[in-house]
Amino acid sequence: MALIVQKYGGTSVGSPERIMAVAEKVKRFRAAGHDMVVVVSAMSGETDRLIKLAKSVHAEPPARELDVAIATGEQVTIALLSMALEKIGCPARSYTGSQVHILTDNAYGKARILKIDETRMRDDLQQGRVVVVAGFQGVDEHGNITTLGRGGSDTTGVALAAALKADECQIYTDVDGVYTTDPRVVPQARRLDKITFEEMLEMASLGSKVLQIRSVEFAGKYKVPLRVLSSFEEGPGTLITYEENEMEAPLISGIAFNRDEAKITIRGVPDKPGIAAQILGDIGKGNINVDMIVQNVGADGTTDFTFTVHRADYKKALDILQRVAKDLKAREVTGDDKIVKISVVGVGMRSHAGIASQMFKTLADEGINIQMISTSEIKISVVVDEKYLELAVRALHSAFGLDKAPAA
Ligand code: ASP
Ligand code: MG
């Protein structure tokens, strides 16, 4: 008998029939003797609908009121799921975030969970009830309703599992686990049985959208055993786990990529202290995040400086740089928003050399030019022309032995 926290996403509760199916599933776990806490998202499309509705009244809705409006999506689902459970003879109680004291800071729309009071949930579990909690929402110290950012129900699930010291946190979604890469790009992509928190964090921040990044950070910090599974098919899903023996870890766990990148180069800036700080300082003041950065060794007392930003910030970053360039008397500013970032990720590379050269050789064999490179302990990323995305990802997936075995 275990304490299990399950989270069901929007598609899993997208219709009355699906809500009934979730209730049946929860009931089966309950019948097996487990204590069950269930976190639900709003029905699919509901949060978008509420945001649109708010914007039809006020083009830039006050943040506090927007949170009040969008938190209602989850409030509907908790009630419906609890009714469904009661209907099939499984006692249940629904709670909003504030009713179970999911205390957050007051950053509306992207609030962070500070504390959860689990007494009330424990009482219900003791009485044999299933506890159904609204995802995505909390309450600040003054009683204001807050929300946790898009996809935030994942974080609610993990946070509740941490607070209750649950045996497992199961995230039910519309895919059956975490894949070696996006199966839409590489049909041979495989579901991973296991992936470490660190790898998952890299995969998530590189664009694999299975889990909200914050939920993975949370799970890693509080060591919550986390599993991603499909709500529509039976299967073991993917366990997100701690690194055990890295000598035995596969070299590479996955290939991630991000299409939302753009790069900017400023050429011929003085090669002296303070220049990078000035360039990036102005970009930072524009509220633009910088990802990769490359600076060349100066030859004639000047140097070139290249960095990448989110594609949505490209025009703005370019404008800022034109101004900086004048200030610094730089030679020119150029940019390219037709680039992508591709990364190989794996804790196994900590204890094995040669991953980078294998990656570069694989790309070279396909005639793909590498424009930028960056590395961390468990990841190597390159920037290439966006037209090579599919080719590059497929070649790397196969070169690192990730393709699934052909059906016998
Ligand atoms: N309903 C919220 C959203 O659509 C939270 C979630 O589903 O995780 O972003
Ligand atoms: Mg989600």
Side-chain angles (χ1 to χ4, degrees), residues 5-16 18-19 21-22 26 37-55 61 63-82 94-100 102 104-105 107-113 116 131-140 145-163 169-175 177-178 200-201 204-205 207-219 224 226-232 237 240:
V5 175
Q6 296 186 330
K7 179 260 169 178
Y8 292 91
T11 28
S12 311
V13 292
S15 67
R18 288 193 169 167
I19 290 174
V22 167
V26 172
V37 174
V38 183
V39 174
V40 284
S41 291
M43 296 169 78
S44 51
E46 189 57 15
T47 309
D48 289 335
R49 190 187 69 84
L50 291 165
I51 293 172
K52 226 169 111 196
L53 188 60
K55 288 191 173 159
R64 180 185 185 280
E65 305 314 326
L66 183 61
D67 275 7
V68 174
I70 63 181
T72 61
E74 274 72 12
Q75 185 168 339
V76 171
T77 344
I78 53 169
L80 296 179
L81 179 59
S82 301
S94 69
Y95 294 104
T96 62
S98 80
Q99 285 177 306
V100 283
I102 300 182
T104 71
D105 60 21
Y108 297 116
K110 49 172 192 289
R112 282 184 178 271
I113 297 178
I116 294 177
V131 176
V132 181
V133 181
F136 178 57
Q137 54 177 264
V139 63
D140 76 2
I145 293 173
T146 55
T147 66
L148 311 179
R150 297 311 301 269
S153 299
D154 293 342
T155 301
T156 307
V158 172
L160 285 179
C169 179
Q170 304 176 340
I171 308 275
Y172 286 89
T173 171
D174 42 11
V175 293
V178 179
M200 188 62 207
L201 216 47
S205 53
S208 154
K209 293 193 180 62
V210 190
L211 289 176
Q212 197 199 32
I213 292 179
R214 215 183 256 182
S215 72
V216 183
E217 286 167 357
F218 214 104
V224 177
L226 187 61
R227 193 182 286 278
V228 176
L229 323 93
S230 158
S231 24
F232 306 114
I240 297 155

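In each ligand, atom 1 is the first atom listed, and ligand 1 is the first ligand listed.
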Atoms in ligand 1 flagged as close to Gly151, the criterion being non-hydrogen separation under 4.0 Å: 3 (C), 5 (C), 6 (C), 8 (O), 9 (O)

Atom of Gly135, atom of Val39 and distance for their closest heavy-atom approach: CA-CG1, 3.6 Å

Pair Arg214 + Glu217: basic N to acidic O under 4.0 Å: no

N/O separation below 3.5 Å, Asp154 to ligand 1: no

Closest approach of Thr96 to Ile78 (non-hydrogen atoms, all atoms of both residues): N-CD1, 3.8 Å

Numbered atoms and elements of ligand 1 in range of Arg150, under 4.0 angstrom, heavy atoms: 3 (C), 4 (O), 9 (O)

Closest contact, heavy atoms only, Asp67 versus Ile145: CB-O, 3.7 Å

Per-atom contacts, ligand 1 versus Ser41 - under 4.0 Å to a heavy atom: 6 (C), 7 (O), 8 (O)

Flag side-chain contact, heavy atom, 4.5 Å: Val22 against Tyr172: no

Proximity of Gln212 to ligand 1 by residue part, where a heavy atom lies under 4.0 Å: neither

Sub-4.0 Å heavy-atom approach of Gly152 to ligand 1: yes

